[in-house]
Every structure is written in structure tokens, then in C-alpha cells.
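Below is one structure, written out as C-alpha cells; comments come after it.
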Amino acid sequence: MDREPIDINEELAVFDKPQNVKRLLIVFFTCVALLLLVDLFYHRHTVFAWEGWFGFYCVFGFVACVVLVILAKYVLRPLVMRDEEYYDER
Amino acid sequence: MTSASLPPGLIMILGALPAFWLRGRVKGTWMLLVPVVSFAYLLTLPHGQLLTIPFMGIDLQLARVDRLSLIFGYIFHLVAFISNLYAWHVEDRSQNVAGLIYAGAAVGAVFAGDLFTLFVFWELLTISASFLILARGTERALASGFRYFMVHVAGGLCLLAGILLHVHATGSAAFNFIGLGTTGALLIFIGFGVNCAWPFLHSWLTDSYPEATVTGTIFLSAFTTKTAVYALARAFPGTEALIWIGVAMAAFPIFYAVIENDLRRVLAYSLINQVGFMVVGIGIGTELAINGAVAHAFNDILFKGLLFMTMGAVMYRTGKINATDLGGLYKSMPWTCGFCIVGAASISAFPLFSGFVSKSMVMEAAAHGDMRLVWFVLLFASAGVFHHAGIKIPFFAFFSHDSGLRCKEAPRHMLLAMGLTAVLCVFIGSFPGYLYKLLPYATDYQPYTASHVIAQTQLLFFSALAFTLLLLAGIYPPEIRSVNLDADWVYRRGGVLVYRACDRIFNGLNDWANEIFGKRLPHVLARFFERPGGNVQKHVLRLAAEMSGDLPELKKLEEDAEKRCRTGAYPIGLSVLLAVLFLGGMAVLYLI
């Protein structure tokens with residue numbers, strides 16, 4: 001494969017610097033907070049009543065993903081995870 | 001050419017043959033030219049039933065051109081062109097030929113106006129696709145390709161049985177609305193379902209797509225499932241069962257995708273998840289829902305192809321595809337990383353990216369039909385798909401921890417193919433009118449309302465927030481080298497277990513019978529027939545003694561019997577008794 005040797009003197013890339021990661025996170029958290037606040041000022045046109053509740057999509061998105069990860073990690077993984085060579089054994 | 005003289009798929013199928021002998025740039029150019037010529041031919045075709053050929057009392061219709069078949073025809077040509085550009089460097093005959101035939105078969109299938117023509121192209125899809133998997137040549141790929149072939153042959157036979165029953169019952173082979181109701185229709189339904197990767201019938205997809213070649217997977221991701229989506233939209237729109245099948249498809253793969261380590265397998269699971277949206281749309285069956293299903297199929301071919309291309313490029317350069325082995329590649333492959341993010345944004349349905357303008361059509365159709373549960377599961381799936389395809393794929397491949405891998409950027413032709421697809425994703429997302437004009441039904445759907453944009457952005461950002469917080473808190477499941485059991489266990493391991501069980505039961509029975517009838521019984525019989533007369537007497541005596549309890553004399557009597565038997569000195573009375581018994585027995589038999 002076309003792998004180049006690692007140059008130990010190579011410059012640190014953008015996300016190798018912790019302060020850049022930190023900045024990115026701050027920007028991200030600010031966006032998230034602003035998006036939640038939008039619900040205070042804008043009333044959505046909705047099909048279902050619950051879509052109009054304050055922060056419905058925010059809460060749903062967050063909770064859905066937490067539930068997804070928790071279920072996948074603590075329920076599905078113990079059930080289905082096997083050794084990488086599971087199917088190769090004869 | 002103004003009138004139809006060839007079925008639309010045949011140009012690519014015939015064009016595949018010279019690809020067998022061509023090499024280098026000539027081959028590359030040829031592979032790009034064939035889809036373009038085929039597409040140009042398609043544009044010349046008028047709407048309607050063209051090329052009707054009577055055959056054994058049935059009308060074969062090789063080219064049925066209408067809005068539904070055309071939009072699939074367009075996207076199949078487009079993706080064939082892009083895939084061939086991506087595969088410019090491939091000098092493997094079997095892959096090049098199989099790729100073009102595969103694309104041609106898909107085009108042939110969507111323009112088939114009767115069920116037999118559909119079936120022929122359907123089977124050609126299976127055969128050509130198998131070569132794209134086998135061409136990888138690894139032991140796993142060979143086994144996986146074989147399984148792929150067997151599953152699809154089984155599905156194809158189911159389809160054929162259904163077609164025969166259906167034609168026999170209705171007297172027509174026309175490929176129009178069928179609807180559930182008869183056995184034949186049900187078998188056709190299931191036959192389509194195998195290719196559509198319905199739950200429990202899906203594992204051929206997640207088994208084989210990650211095992212195919214780098215370029216083969218791009219072809220695979222586009223044609224088989226989308227042809228099945230087309231077939232369902234044609235024959236079973238508004239079938240309620242499809243809504244629930246689609247809901248299951250949209251929901252369950254995202255759990256697998258979260259814990260899967262092989263990034264191409266993550267994409268395979270998310271493919272099923274996206275096809276789930278389309279199947280729900282077909283099941284709802286309103287104009288908006290069918291439009292949504294078709295538009296989403298169109299977009300999914302592009303953004304899923306793009307994601308598979310970026311992962312293919314990573315694999316091509318590093319030789320690795322497991323999340324555990326990758327990370328930090330944004331330094332080495334910045335363009336590929338950028339294209340991957342565009343694909344991720346598109347599949348997650350970010351505003352201005354293609355998924356945004358099609359996925360919501362299906363959701364809105366569900367909402368208008370007041371299908372609350374369906375709507376909630378689809379919303380859950382929308383959040384989930386962002387989580388695993390939108391964040392996980394780019395994050396673990398290009399960011400995360402630095403794996404120490406340093407490689408070249410993807411080759412130029414791959415970058416061109418990815419760039420072209422990325423531009424299309426953004427273009428369709430930003431100017432959806434062009435796509436909407438091609439849809440089967442006229443639509444005035446407006447994706448860009450403030451409510452929709454805000455709601456979707458909130459959903460996605462808070463999904464991302466969940467990912468970020470779970471990752472920072474260390475709760476996000478670490479990638480582990482592993483195999484995750486799925487429905488293919490039934491035939492991969494279950495098959496072996498059945499084989500072993502059969503081995504135990506039947507070979508055990510065989511051994512037991514051999515022991516009894518082959519060894520013990522002859523032994524006993526041989527001993528008995530050494531002295532049949534004496535033995536009969538001995539056993540009768542024993543029986544009589546046991547019944548009367550007169551044991552002391554038994555031994556002496558036995559010895560006497562044995563002696564008589566040995567010397568042949570039987571008293572006449574006994575012989576007479578035996579003769580009388582024999583004659584009596586014969587008399588009874590005779591009377592009966």
C-alpha cells in the first residue's frame with residue numbers, strides 16, 4: 001500500500017492542538033444553545049400538536065441518540081458480539 | 001434513432017463485451033462512453049410500451065417508458081458513469097465486464113414491461129453482482145460471494161414461482177400493479193423483498209457489500225436494492241404491510257451500525273435504513289409518498305455511493321477499513337475527507353444537502369396520513385442515521401485519535417468521481433426543483449419552509465450534542481474488533497449446526513442399526529441355530545419353570561434336553577407332539 005513513512009518532525013495539524021478542539025467545541029455548544037432559543041421566538045407550523053412544543057426536536061434528537069447508544073451498547077452488543085474469527089472456525 | 005430498436009439496458013450489456021479485451025486508457029474511455037451512449041439512446045425514446053414481442057402466447061415488452069421507469073433509468077446511467085470513472089484504474093476483466101452488465105441489467109429491469117423480461121434481467125443482476133464480490137479474491141469474499149449468489153437464487157426462484165402462478169391465474173404477464181391477495185402475488189412480493197433487503201432477508205447485503213472490491217461496492221450499493229424499490233413501487237404501491245416492513249428496516253439497522261467496526265459494513269446497515277424510508281413511502285402509496293420514495297432512492301444512490309467511494313478510497317490507500325485501525329486521515333486525505341462530510345451531511349438530511357429535500361417527503365406523507373407511530377420511528381431513524389452515518393463514518397476514519405497512518409490523497413480519477421457526486425448532492429439539495437420535475441407525479445412540495453429547516457437543524461445538532469457528550473463522558477461504545485451476529489447466522493452457523501445435528505441423528509441411527517442388525521443379531525441367531533431344537537426346548541422349559549416356580553428340576557431337565565439334542569436321541573412322543581403342533585398351526589392358518 002502507498003503508505004509514507006511518518007515524519008516525526010511534521011507540523012501539528014489543526015486538530016492535534018487541544019486549543020483548536022476546544023474552540024470548535026465552544027462554537028458547537030453555542031450553536032446548540034442558540035438553536036434551542038430559536039424555539040422561544042419562532043412558532044413552527046406543524047402537522048402534529050407536539051411538534052410545536054418548546055424544544056421538541058431538540059429533546060427528541062438528544063434523547064433518541066442517547067437511547068440508541070445505550071441500547072446498542074448495553075443490550076445489543078452483549079447479545080450479538082462475537083470474536084472476529086467466529087465464522088472462520090471450522 | 002427515433003423508434004426503439006433495442007431494450008434500453010442492452011447497450012450497456014453489449015458494451016461490456018469489448019471491455020473484456022480493452023486495456024488502460026482505451027478501456028477507461030470505453031467504460032465511460034458506454035453509459036453516455038446508452039443514456040443518449042434513452043433520451044430518444046418516446047413514452048409508452050415499445051418493443052412488444054409475442055413469445056409463446058405471451059407479449060414480452062422490452063421497453064416500457066414512463067415517468068417512473070425513466071427517473072430510475074436516468075439515475076442508473078448517472079451512477080454507472082460515476083462508478084466507472086471511480087474504477088478507471090481497475091484492470092481486472094471480470095470486474096469491468098461484470099460492472100457494465102450489472103448496470104445494464106438494472107436498467108433493463110426497470111424498463112421491463114412484463115414479468116418474464118423483468119425476471120431475466122433480475123437474474124442477470126444476481127449473476128453479475130456476484131462477480132463483483134468474488135473478484136476481491138480473499139477467502140472471505142469468495143465465501144460471501146457464494147452466499148450472496150445462493151440467497152439471490154433462492155429469492156429469484158421464489159419470484160419465478162410467483163410469476164408463473166400469477167400469469168396462470170390472470171392470463172397476463174404484464175408488469176403493472178399486482179397487489180397482495182393471491183399466492184402468486186405473495187411469492188412475487190417476497191421475491192422482491194429479498195432484493196430489497198427486508199428484515200431477516202437482509203443479511204446478504206451486510207454480509208457481502210463490505211467484502212466486495214473497493215470499486216465493486218460502489219456498483220453494488222446502487223443497483224440491486226433500488227431495482228427492488230422500483231419493482232415494489234410499480235407492483236405494490238399502497239400495500240400496508242410495506243409500511244411496517246419499512247419502519248422495521250429504518251429502525252433496526254441503526255443499532256447495528258453503532259456497534260459495527262467495519263466502516264463499509266456501517267454503511268451497508270445505513271443503506272438498509274435508507275431503503276426503509278423508501279419502502280414506507282411505497283407502503284403509504286399517496287402521490288407525495290411515492291414521489292418521496294423515488295426521490296429518496298435517487299438521492300440515496302448518490303450520497304450512499306459517495307460515502308462508499310470515500311471509504312473505498314481510504315481502503316485503497318491504507319488497506320484498512322476497520323474503525324479501530326483508522327483515524328486522523330484528514331491530514332493525508334483532506335479532499336476525500338471533505339467529500340465524505342458532504343456525503344454525511346446529505347444522508348443526514350442537512351438543509352442544502354440532498355437528503356433534506358426527499359426524506360421529509362416520506363415523513364410528511366406519514367404525518368398527513370396521521371400515522372403517528374410510523375412518524376415517530378422515522379424521526380428516530382433520522383436522528384439515528386445522522387449519528388452513525390453522519391458522524392461516525394467521518395469521525396472515526398478522518399478524525400478521532402491519530403492512527404499514525406500517513407498515505408497519499410486518493411488518485412485523481414477517484415477524486416473526480418467523488419467531487420462530481422458531491423457537487424450533485426449539494427446541487428440537488430439546493431435546487432430541488434430539477435429533481436422534482438422528474439418525479440412520477442407532479443408536485444408542488446416545498447422543503448424549504450422555516451419550520452422544516454429549523455426543526456431538522458435542531459434535530460441534527462442535538463443528535464450531534466448527544467454524540468459529543470457521550471464521547472467526552474466515555475460512554476460512547478469503543479470500537480471493538482468483532483463480528484456481530486445477524487440473520488445470516490441462520491445459514492452460516494445454523495446451517496452448520498443443522499448439518500452436525502443431521503450427522504449425529506442419522507449417522508447415529510446408522511451406527512446403532514449396524515450394531516444391532518449387523519453384529520449382535522447375527523451373533524445371537526448363529527448361536528440359536530447351532531442347536532435350534534435344543535434351544536427351543538431350553539427356553540420353553542425356562543419359561544415354564546419361571547411360571548410354576550419349580551426351579552430345582554430345571555437344571556436337570558435342561559441338561560437332558562441338551563444331551564438329547566446333541567445325540568439326536570429324541571423320544572418319539574416329542575416328535576409326534578411337534579408334528580401335531582405343526583399340522584394344527586397349518587390348519588389354523590388355512591382356516592384364516
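Here is how names work: the chains are called A, B, and so on, in the same order as the sequence lines, proteins then strands, and each is numbered from 1. It should be emphasised that the depicted structure is a prediction, and the values quoted were computed from it without experimental measurement.
Contact of B:Leu470 with chain A is made through the side chain alone, with heavy-atom distances under 4.5 Å. Of the two parts of B:Asn322, only the side chain, counted from C-beta on, holds a non-hydrogen atom closer than 4.5 Å to a non-hydrogen atom of chain A. Neither the backbone nor the side chain of B:Thr449 comes within contact range of chain A; no heavy atoms are under 4.5 Å apart. Residue B:Phe386: no heavy atom, backbone or side chain, is found under 4.5 Å from chain A.
Under a cut-off of 6.0 angstrom, the local environment of CZ in A:Phe54 is crowded, with over 12 non-hydrogen atoms contributed by other residues, nucleotides or ligands. When the shell of 6.0 Å around OH of B:Tyr448 is examined, it contains more than 12 heavy atoms from other residues, nucleotides or ligands. In B:Phe200, the CZ atom is not crowded: 12 or fewer heavy atoms of neighbouring residues, nucleotides or ligands sit closer than 6.0 Å.
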(request) Please test A:Tyr86 against B:Leu485 for side chain to side chain contact (heavy atoms under 4.5 Å, CB included), starting from the C-alpha separation and ending with a verdict. (result) CA-CA 9 Å; A:Tyr86 178 76; B:Leu485 303 188; 3.5 Å; yes
(message) Test side chain to side chain contact (heavy atoms under 4.5 Å, CB included) on B:Phe462 and A:Phe60; report intermediate values, then the result.
(response) CA-CA 8 Å; B:Phe462 276 81; A:Phe60 189 93; over 6 Å; no
(request) Check step by step if side chain to side chain contact (heavy atoms under 4.5 Å, CB included) holds for B:Phe467 and A:Leu68. (result) CA-CA 10 Å; B:Phe467 179 86; A:Leu68 168 67; over 6 Å; no
(request) Begin with the C-alpha distance, continue with both residues' side-chain angles, and end with the deciding distance and a verdict on side chain to side chain contact (heavy atoms under 4.5 Å, CB included) for B:Thr457 and A:Tyr57. (result) CA-CA 9 Å; B:Thr457 315; A:Tyr57 280 99; over 6 Å; no
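In this structure, A:Cys31 and B:Phe461 approach most closely via the heavy-atom pair CB-CE2, 3.8 Å. Of all heavy-atom pairs between B:Gln458 and A:Leu35, the closest is NE2-O, 2.8 Å. Shortest non-hydrogen contact noted between A:Phe62 and B:Ala466 is CE1-CA, 3.5 Å. Looking at every heavy atom in both residues, B:Tyr256 comes nearest to A:Leu76 through N-CD2, 3.8 Å. Between B:Gly474 and A:Lys73 the shortest heavy-atom distance is O-NZ, 4.2 Å.
Atom CZ of B:Phe399 sits about 9.0 Å away from atom CG of A:Leu24, to the nearest 0.5 Å. Atoms CE and CD, on A:Met81 and B:Glu260 in that order, are 11.0 Å from each other to the nearest 0.5 Å. Separation of atoms OH (A:Tyr87) and CG (B:Asp207) is listed at 8.0 Å; rounding is to 0.5 Å.
Note on B:Ile475, B:Leu460, B:Asp486: by heavy-atom pairs under 4.5 Å with chain A, the leading option is B:Ile475. Note on B:Val496, B:Leu379, B:Asp370, B:Leu469: by heavy-atom pairs under 4.5 Å with chain A, the leading option is B:Leu379. Considering only heavy-atom pairs separated by less than 4.5 Å from chain A, the leading option among B:Ser332, B:Ala464, B:Ser382, B:Pro477 is B:Pro477. Here B:His387 is the residue among B:His387, B:His388, B:Glu364 with the most heavy-atom pairs under 4.5 Å with chain A. By number of non-hydrogen pairs under 4.5 angstrom with chain A, the leading residue of B:Ala450, B:Gly328, B:Ser451, B:Gly384 is B:Ser451.
In this structure, B:Arg372 fails the cation-pi test against A:Phe48, since its NZ or CZ atom is not both closer than 6.0 Å to the six-membered ring centre and inside 45 degrees of the ring normal.
Using bins of under 30°, 30° to 60° and over 60° for the plane-to-plane angle, the ring pair B:Trp375/A:Trp50 lands in the tilted bin.
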